[in-house]
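Notes for the one structure printed next.
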There are 2 protein chains.
Amino acid sequence: MNAPRSRPNLTQIAALLDVSAATVSNALSGKGRVSAELAERIRTKAAELGYMPSHAGRALRTGRSQVLGLVLPDIANPLFPQIAQAIEHAAAAAGYGVLIADSRGDAAMQTQAITHLQDRGVDGIVIVPRRGTRIISTGSPVAVIDSPSTPGNTVSADHWQGGELVGSHLAALGHRDVVIIGSNPASNVQNDRVGGIRSALGPDRRVEVLWIEPHEALHGPGASLGLAARVAEGFTAFAALSDLQALRALTELQQAGLRVPQDASLTGFDDLVWSSAITPGITSVRMDMPAIAGEAIQALLRLIESRDRGNGPRDPGIARASRPSVPMSLVVRQTCGPSPSRTAEQQQTPAGDSQ
Amino acid sequence: MNAPRSRPNLTQIAALLDVSAATVSNALSGKGRVSAELAERIRTKAAELGYMPSHAGRALRTGRSQVLGLVLPDIANPLFPQIAQAIEHAAAAAGYGVLIADSRGDAAMQTQAITHLQDRGVDGIVIVPRRGTRIISTGSPVAVIDSPSTPGNTVSADHWQGGELVGSHLAALGHRDVVIIGSNPASNVQNDRVGGIRSALGPDRRVEVLWIEPHEALHGPGASLGLAARVAEGFTAFAALSDLQALRALTELQQAGLRVPQDASLTGFDDLVWSSAITPGITSVRMDMPAIAGEAIQALLRLIESRDRGNGPRDPGIARASRPSVPMSLVVRQTCGPSPSRTAEQQQTPAGDSQ
DNA sequence: CTGAAAGCGCTTACAG
DNA sequence: CTGAAAGCGCTTACAG
């Protein structure tokens with residue numbers, strides 16, 4: 001029976017090789033001074049036995065769990081998959097695991113989720129706050145992903161610049177009358193996006209902002225936004241501040257018999273999974289989640305280490321990234337200008353044609 | 001300075017109360033025999049100091065980490081938020097944390113993700129496999145959430161019964177010609193749903209299944225499914241096997257100038273967050289994720305405990321739930337029958353009317 | 001370059 | 001009912 005029986009530990013490997021556990025530890029970590037050949041023998045044996053260090057033993061000794069927490073106040077957020085995947089990937093690359101915490105959309109439970117993670121002994125926490133929630137000092141190292149204009153933000157997408165992408169895009173297509181659709185006037189993220197759009201469109205164009213109540217946005221349906229009336233007023237483009245709202249706008253316009261993008265163009269944010277599956281596809285601004293997650297994890301680990309070395313502040317507080325603002329990118333799926341200067345696109349799909 | 005300085009441990013509490021660490025441990029866990037009054041004194045002191053046991057110390061001693069792993073081969077799946085939230089909640093209620101693992105949609109990395117979690121010392125793993133992936137024995141206790149017709153399934157929604165809900169619903173509205181839209185003929189989940197729909201519609205109705213290539217479903221846009229042609233052929237209802245596909249169908253129909261639900265009814269599965277926000281809302285079948293997660297966690301913990309007691313099998317294998325099949329429920333948002341026997345609904349939203 | 005020893009915080013038999 | 005002791009697996013000063 002030469003199949004490896006369960007997991008070996010350091011002591012067992014040391015015994016097999018007639019060396020001390022300390023030497024095995026040093027050889028495997030590369031820290032202590034161990035002769036090259038002995039180190040090689042140890043590494044070979046360890047690999048052969050499939051040795052994996054015990055996280056519990058290491059954590060107890062070093063006081064570090066090698067685990068980070070991830071808190072998203074609104075786990076039902078459709079962006080959650082993108083964020084979770086990017087954070088998990090960046091953390092894993094640095095040798096950390098990611099524990100999820102759920103605050104079920106409740107702002108009060110956000111604090112509770114953080115406490116819960118601390119009780120579990122995480123080394124640090126990544127937080128994506130909802131709305132304008134300010135993160136108070138928690139006693140743990142924290143990285144905050146929100147918006148560049150939020151005080152205490154560690155790193156985030158440059159939502160203003162993302163807005164500019166939308167504005168320039170619509171301006172280049174010749175749109176002069178634009179409705180911006182948002183859901184939360186208290187959100188820094190949404191306000192930055194509005195600012196960027198307005199700024200890129202310039203002062204000479206007609207721009208209106210339509211704020212939908214968040215609960216209304218979710219608990220339609222049927223509550224009309226009156227978008228068709230806006231088209232009748234001469235608006236030719238709708239710039240939604242999220243794809244969720246863009247989708248609502250698209251279906252309302254189509255249901256009203258209007259054609260997108262021929263009668264009205266539509267843009268969104270987030271580039272959610274279905275943005276490319278629908279007809280027509282929605283032009284959308286996408287965050288560089290891998291870059292954002294990478295910056296967040298890097299800054300968080302720096303903070304954790306500085307505290308471990310004891311030269312950090314008592315309350316470690318919030319991590320600061322070296323590049324706190326990450327550019328967004330535009331995914332173009334509609335290229336129509338306002339009528340009558342229509343582009344070729346409209347000819348392809350006349351109303352009523354099923355292709 | 002009477003503010004609590006960092007986290008106290010068992011030994012410190014014991015010293016403050018002039019008792020042994022063993023007694024404190026026993027009092028707090030309620031396991032050993034400790035006099036009621038001493039136990040009370042200990043609990044009070046512990047609460048006062050905000051004592052939280054060290055998970056590392058406990059894990060090292062007991063060999064259990066109190067952490068479970070969650071593996072979703074396709075973390076980009078829009079259902080991920082629902083699943084993650086339910087699993088996290090059920091696990092937290094049982095005193096467990098949840099570590100996420102990402103296999104980035106790659107089937108080969110599924111195994112790697114499992115190994116990675118095991119290396120981190122999780123006590124068990126919850127897996128939601130993609131497609132027909134069979135979970136091989138892993139050496140760790142595992143709970144599988146897939147479909148009742150998948151061998152080795154621990155617990156899942158009753159997708160066949162969910163299909164029946166759709167079929168009965170459409171039949172009751174008088175639909176006699178139905179197109180089912182799916183993306184993966186190899187998926188047990190989708191096949192169960194198809195079976196249920198067919199069975200409830202009965203043999204006298206015209207039912208066709210349209211399989212869209214998954215990559216095609218995601219990397220449209222513009223690749224028409226030819227749905228308008230189906231309407232011309234007399235089909236009056238489209239039953240998509242997921243809301244993602246229902247959304248694609250809805251926008252294609254609308255773009256072709258057809259009205260939903262007047263010209264064609266539409267149903268989906270999953271009740272994703274936007275299903276109620278769009279116009280019109282999509283009738284959708286919803287899983288009872290809290291119940292499914294609860295069964296999965298319960299079965300998994302039973303398996304973990306049986307192995308700990310040593311009366312389990314060498315390879316713990318896959319957990320079996322007492323109630324492996326959880327009913328789904330129908331969320332009705334459209335109540336149109338086929339023309340000419342139309343319901344009142346059509347009058348409300350004539351084509352071209354913006355409300 | 002290598003090893004013996006201590007200790008991270010906890011729980012579990014085992015004595016008393 | 002309570003306590004002293006051992007040990008889970010690891011790493012880190014400290015000797016040699």
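Chain letters run A, B, ... following the sequence lines, proteins first and then strands; every chain starts at 1. Everything numeric in this text was worked out from a predicted model, so none of it was measured.
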Atom-pair distance ([atom1] on [X]; [atom2] on [N]), nearest Å:
{"X": "A:Ile42", "N": "D:dC10", "atom1": "CD1", "atom2": "P", "result": "14 Å"}
{"X": "A:Ile13", "N": "D:dG9", "atom1": "CD1", "atom2": "P", "result": "12 Å"}
{"X": "A:Leu10", "N": "C:dG3", "atom1": "CG", "atom2": "P", "result": "13 Å"}
{"X": "B:Leu17", "N": "D:dG3", "atom1": "CG", "atom2": "P", "result": "10 Å"}
{"X": "B:Leu60", "N": "C:dT12", "atom1": "CG", "atom2": "P", "result": "13 Å"}
{"X": "A:Gln66", "N": "D:dC10", "atom1": "CD", "atom2": "C1'", "result": "13 Å"}
{"X": "B:Met52", "N": "C:dC10", "atom1": "CE", "atom2": "P", "result": "11 Å"}
{"X": "A:Arg61", "N": "C:dC10", "atom1": "CZ", "atom2": "C1'", "result": "16 Å"}

Does B:Ser54 reach a base, just sugar-phosphate, or nothing at all? Heavy atoms under 4.0 Å. sugar-phosphate
If you look at every strand shown and take non-hydrogen atoms under 4.0 Å, does B:Ser35 touch a base, only sugar-phosphate, or nothing? sugar-phosphate
Using a cut-off of strictly less than 4.0 Å, decide whether [X] has a side-chain nitrogen or oxygen near OP1 or OP2 of [N].
{"X": "B:Arg58", "N": "C:dG9", "answer": "no"}
{"X": "A:Tyr51", "N": "D:dG9", "answer": "no"}
{"X": "A:Ser20", "N": "C:dG3", "answer": "yes"}

How long is the span from the CG atom in A:Leu49 to the OG1 atom in A:Thr44, to the nearest 0.5 Å? 11.0 Å
Reported CZ-to-OG distance for the pair B:Arg302 and B:Ser322, which is rounded to 0.5 angstrom: 5.0 Å
By nearest nucleotide on DNA chain D, pick out whichever of B:Thr23 and B:Gly57 is the more 5' one. B:Thr23
D:dA13 pairs with, by Watson-Crick or G-U criteria that keep both distances under 3.5 Å: none
Complementary nucleotide for C:dA4 - Watson-Crick or wobble, under 3.5 Å: none
What nucleotide among D:dT11, C:dT12, C:dA4 has an atom nearest to a side-chain atom of A:Ser25? D:dT11
Can you tell me which nucleotide in C:dT2, D:dT12, D:dC10 comes closest to the side chain of A:Val34? C:dT2
What I'd like to find out is whether the side chain of A:Leu79 reaches to under 4.5 Å of the side chain of A:Met289, using heavy atoms alone. no
Student check: side-chain heavy atoms of A:Arg307 and A:Pro141 closer than 4.5 Å: yes
Count the heavy atoms of every other residue, nucleotide or ligand shown that sit under 6.0 Å from CZ of B:Arg320, and state whether that count exceeds 12. no
